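Fair warning: this is a prediction, and the values are worked out from it, not measured in the lab.
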Amino acid sequence: MGIADYITLCNGLLGTAAILFIILAVEDLHQPYYQGGLKTHYIWLAMLCILASVIGDIIDGPIARRYSKRKLLGGSLDIMSDCISFCVAPALLIFVMFGRWGEASPFWTISLGIASCWIIATGMLRLARFQYDDGSEINYFVGLSSPGNALLILSFAGLIWIQPSVGFGPDLTTWDCSICFGKGTPKPYFDFMMLPLMFISGGLMIADRPMSKLKGGLPMKLSVIQLVRYASCDNISVNSYH
Amino acid sequence: MLVAITSALIHTTKSEHGHEMEGLNLSFYLFIISALLVLAYIISGKQVVEKSKQIDDSVSSEE
């Protein structure tokens, strides 16, 4: 085993640590919002582990290409650790964060469970395709990469989770809908958005859409420029319509 | 995002009963920025790949 293989192994262990923190967080999540605040620091520790795994995944590729001789071992290890850290751990995290143990309706719990399974299934398909395509010469990803999926899910989960505590936007809601969400206990207003987000994110992983590998920093700058251009074009079209 | 999560972790651990939540503003805004950056990456993925290809082609033709 080379140094890159050890880093990959650590990535997998970080994903496992994230799952352990998620299990520890379950007890706190009976009442996550207490006096307007959050007391579930295990959730943040799990997110931190997943993010550390993303950073490890970024650095182990170049190290493996430079120093590792046994590429087959590294490739297989990478796929397995990616599956734990960027598919299983984020899916479980969302299920635990937004599942509202004992308070949610079966409809909500089952929907969230299906969305979590969708993330894991599409992630496995994505990783299998990545391993198949790895020998080809293309210098971009086909579909959203699994770390990209983890970052997308974590960003929005964190945002929706702390939004009621910062006093920006709607406060905690008690939608009293026994069929859709369950009992009328306080919950973040936008938590329903996680369902479509998870289905879209999973769909993007198995889509044929080309995605940049973000090497050298130029593609990220281009991404931001493109987005600003879209936003400005939309504004212009909306203003001209009015 | 790393700063956002670390800041949220620090403030959550400090305030056992959720009294000192002011520090979460920073996490909130950083989460917004990271979500927007990921969206920018996803939305403009195809165009960025094409532009990168064009830039690579122009550089190789100049050489």
How many angstroms lie between CZ in A:R209 and CD1 in B:I43, if you round to the nearest 0.5 Å? 8.0 Å
Can you list the steps and then say if A:L151 with B:L37 is a side chain to side chain contact (heavy atoms under 4.5 Å, CB included)? CA-CA 10 Å; A:L151 287 178; B:L37 283 175; over 6 Å; no
Sort out for me which of B:L30, B:T6, B:I32 touches chain A most, counting heavy-atom pairs under 4.5 Å. B:I32
By a 4.5 Å heavy-atom criterion (distance strictly below it), what part of A:L154 contacts chain B: side chain, backbone, both, or neither? both
Engaged part of A:L152 at the chain B interface, taking heavy atoms whose separation is under 4.5 Å: both
Counting only non-hydrogen atoms closer than 4.5 Å, does A:L48 touch chain B with its backbone (N, CA, C, O), its side chain (CB onward), both, or neither? both
Close side-chain approach of A:I160 and B:F31, heavy atoms under 4.5 Å: no
Of all heavy-atom pairs between A:F156 and B:L39, which one has the smallest distance, and what is that distance? CZ-CD1, 3.8 Å
B:S44 side, atom OG; A:M211 side, atom CE - distance, nearest 0.5 Å: 8.5 Å
Atom CD1 in B:I5, atom CD1 in A:I43: separation rounded to 0.5 Å? 11.0 Å
Here the pair of heavy atoms bringing A:G148 nearest to B:V38 is O-CG1, 4.3 Å
Gap between atom CD1 of B:I33 and atom OG of A:S155 - 0.5 Å precision: 11.0 Å
Less than 4.5 Å to any heavy atom of chain B: does that hold for the side chain of A:L144, its backbone, both, or neither? side chain
